[in-house]
Amino acid sequence: MANTAKYDRQDVIQKATDLFWEKGFHATSMRNLQEAIDMRPGSIYASFGSKEGLFKETLQYYASASLELLQSFADANESPLEALRQFLSSVVISHAQAPSNMCMLVKTISELTDDNAELLAEAQQLLGTVEVAFAELFAQAQAKGELASSKDPKRLASLLQMQVMGLRAYARASESSEADIKALTDEAFASLI
C-alpha cells in the first residue's frame, strides 16, 4: 500500500504562502516553515523537494488566488471596467490586513536576484499572467463599447499593473486614511480610461 500524505496540501501551501508573503523568501527559515506548517524538514523535502519547491508552489497559489478574485469581480459585474476598478480597489484597500501590503509577486521580484533565477522567472511569468487577464477584460470593455477603440488593452493592462504596484506600496508607506487611499485608487483608475 502506498504511503498517503498525512496533511492537507492546500492548507500547508496557504500557510506557507502567508509566511513567505510576510517575511520574504530569504528571511523565511526552515524552522519558520516547520512551525508555520507543522511539518518537519524531511517531510517538507519529501513533499515539495526543497524550500524553493515549496516557495514556487506558494507563488502559483498566490497568483491563482489573485486571478480567482479578478474573475469573481468579472462574474459579478456586467461591466468589465467596473470589475477591474473593483479589483484594484480590493487589492489596494482590503489587502492592508494581508501578511504584507505589497503584492507577493512584486515583493519576490524585488527581493530575489539571479542567484534564484528560476524563482525570479516564475514570479515574473505569473505577474505577466495577471496582466494578460487585465488586458482580456479591457478588450471585453472595448467590445461592449465601454472603452474607446483607440485604446490599447495591453498597454492599459500594463498601466493598471503599475497602479496596483504603486498604490499598494504607497498605502503601506503613507499615513493616509483608508478613505484617502480609496479616493486615490478611484482617481488612478479613472485616469486610465
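Just so we're clear, the structure is a prediction, and the values are computed from it rather than from any experiment.
Legend: residues meeting side-chain contact (heavy atoms from CB on, under 4.5 Å) with Glu82, ordered by chain and number and at least two apart, are Asn77, Ser79, Arg85, Gln86. Legend: residues meeting ring pair (Phe, Tyr, Trp, His ring centres under 6.0 Å) with Phe25, ordered by chain and number and at least two apart, are Phe55. The side chain to side chain donor-acceptor pair (under 3.5 Å) check on Ser177 picks up Asp180, with sequence neighbours excluded.
The CD1 atom of Ile109 lies 7.5 Å from the SG atom of Cys103; values are rounded to the nearest 0.5 Å.
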Test side-chain hydrogen bond (donor to acceptor under 3.5 Å, both in side chains) on Gln60 and Glu122 and set out the steps. CA-CA 8 Å; Gln60 294 164 350; Glu122 181 72 13; 3.0 Å; yes

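Side-chain contact between Phe48 and Val12: present, with at least one pair of heavy atoms (C-beta onward) separated by less than 4.5 Å. The closest side-chain heavy-atom distance from Gln10 to Tyr61 is below 4.5 Å. Counting heavy atoms from C-beta outward, Met162 and Leu159 have side chains that approach closer than 4.5 Å. Taking the side chain as every heavy atom from C-beta outward, Arg40 and Ile44 never approach each other to under 4.5 Å.
Applying the salt bridge (Lys or Arg N to Asp or Glu O under 4.0 Å) test to pairs two or more places apart or on separate chains, those with a residue in residues 54-75 are Arg9-Glu57, Lys56-Glu118.
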Which donor-acceptor pairs under 3.5 Å do side chains of residues 30-39 form with protein atoms, sequence neighbours excluded?
{"from": "Asn32", "atom 1": "OD1", "to": "Ser29", "atom 2": "N", "distance (Å)": "2.8"}
{"from": "Asn32", "atom 1": "OD1", "to": "Ser29", "atom 2": "OG", "distance (Å)": "3.0"}

Run the side-chain donor-acceptor check on residues 129-139: report pairs under 3.5 Å with partners two or more places apart or on a different chain.
{"from": "Thr129", "atom 1": "OG1", "to": "Gln125", "atom 2": "O", "distance (Å)": "3.1"}
{"from": "Thr129", "atom 1": "OG1", "to": "Gln125", "atom 2": "NE2", "distance (Å)": "3.1"}
{"from": "Glu131", "atom 1": "OE2", "to": "Ser158", "atom 2": "OG", "distance (Å)": "2.6"}

